[in-house]
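Each remark here refers to the structure printed beneath this line.
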Amino acid sequence: MSIQRTAVIGSGLMGAGIAEVLAKAGLDVIVREINDEASAAGRRRIEKSLAKAVDKGKLDAAARDAALGRLSFTTDITDLSDRQLVIEAASENEDIKKSIFSELDEVVTDPEAILASNTSSMPIIRFAQSTSRPERVLGVHFFNPAPVQPLVEIVSSVTTADSVRDTVTGFVAEVLGKNPIQAQDRPGFIVNALLIPYLCSAVRMLESGFATKEDIDAGMVGGCAHPMGPISLVDLVGLDTCLYAAQSMYAETGDPATQPPVLLSRMVDAGLLGVKSGRGFYDY
Ligand code: CAA
């Protein structure tokens, strides 16, 4: 199966990055948003990232224009009827995601089409069960910023067909030029099973007055050669995304390491979501 016609649901931080990756790989991409304002914001996000890629010498102007030419936006999900691959990157709300999968199941006509979720931690099987084709549903989890981070987790549920897993793994490696790894449909998959307890620990360390955010970050950058410290990373990922991932993992495992710190919840309640909202633990 040669995947050419793709779609992304949502153009927030992750959706916009994924749409950019697909368009740069030469694919036709439709981005589905909830309204025109959200579409305009998503387009701006992609244009800004492509401009940065040009500034950094990663892309020439002609490739940028070609990528933008392959992208279109819609608010009408029925426009996705001819898609061969749809990647859902809506906000981390299980009910919203389930209803998106059920709508996609109704509108996407190709029985060979693949329906994927970029969820950080929610069970893929629940989205698969919202469709009549659970064998064609899987997780395709990108990392932020998607145009830069090379890794993609391929998450097979207990019903994902091996052929679907293999097609998507080949596509991610050969067409997108990313590094796929295979994860099971377990809370947090591979990366977030390790990362979310670490980020929660860092926020708890700050919350308890154990150390300043600057020193926590400096500790992991200078001591362990991480590209950024955990408090800055929570700001980059989004406090809301970190909170929802922790909540979802804690609900399933009861592991105290994933229990969301109260400070994280309060900051999300306050709309302090990190880089994307202009303020999180740091100001942007
Ligand atoms: N398009 C293409 N390339 C870009 C780019 C863009 N929009 N923006 C930056 N780059 C490239 C740069 O050219 C540069 O490449 P070289 O190293 O070859 O020069 C590289 O990316 C780094 O860019 P910058 O110099 O602008 O920025 P930086 O050095 O300050 O790095 C960062 C920024 C990439 C975010 C880096 O700090 C980093 O990797 N941080 C860790 C991010 C991380 O851990 N992400 C995973 C989060 S977890 C997640 O997403 C999953 C989840 O479910 C929660």
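Throughout, numbering of the chain's residues begins at 1 and tracks the sequence. Being a predicted model, the structure only gives us computed values, none of them experimental. Ligands are counted one by one from 1 in listed order, and the atoms in each one are counted from 1 as well.
As a member of the Ile/Leu/Val/Met/Phe/Trp/Tyr network built from side-chain separations under 4.5 Å, I9 groups with I30, I77, L80, V86, I96, I100, F101, L104, V107, V108, L115, M122, I124, F127, V137, V155, F189.
Remark: atom 28 (P) of ligand 1 lies closer than 4.0 Å to no protein heavy atom. Proximity of atom 25 (O) of ligand 1 to the protein is indicated by at least one non-hydrogen atom lying closer than 4.0 angstrom. For atom 31 (O) of ligand 1, no protein heavy-atom neighbour is found at a distance under 4.0 Å.
Residue contacts with ligand 1 for M14 are absent, since no atom lies close enough (heavy atoms, distance under 4.0 Å). Under 4.0 angstrom from ligand 1, the non-hydrogen atoms of N144 come from both its backbone and its side chain. At a 4.0 Å heavy-atom cut-off, ligand 1 does not touch L50 at all. Neither the backbone nor the side chain of L59 has a heavy atom within less than 4.0 Å of ligand 1.
Judged by distance alone, with hydrogens and angles left aside, the side-chain atoms of E207 form no donor-acceptor pair with the main-chain N or O of P261 at under 3.5 Å.
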Residues 220-234 side chain polar contacts: donor-acceptor under 3.5 Å, at least two apart:
from, atom 1, to, atom 2, distance (Å)
S232, OG, D217, OD2, 2.7

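At a 3.5 angstrom cut-off on N or O pairs, E20 does not count as close to ligand 1. Among the atoms of T241, none of the N or O lies under 3.5 angstrom from an N or O of ligand 1.
Proximity annotation for atom 15 (O) of ligand 1: of Q149, H226, K58, K56, K58 comes nearest, heavy atoms only.
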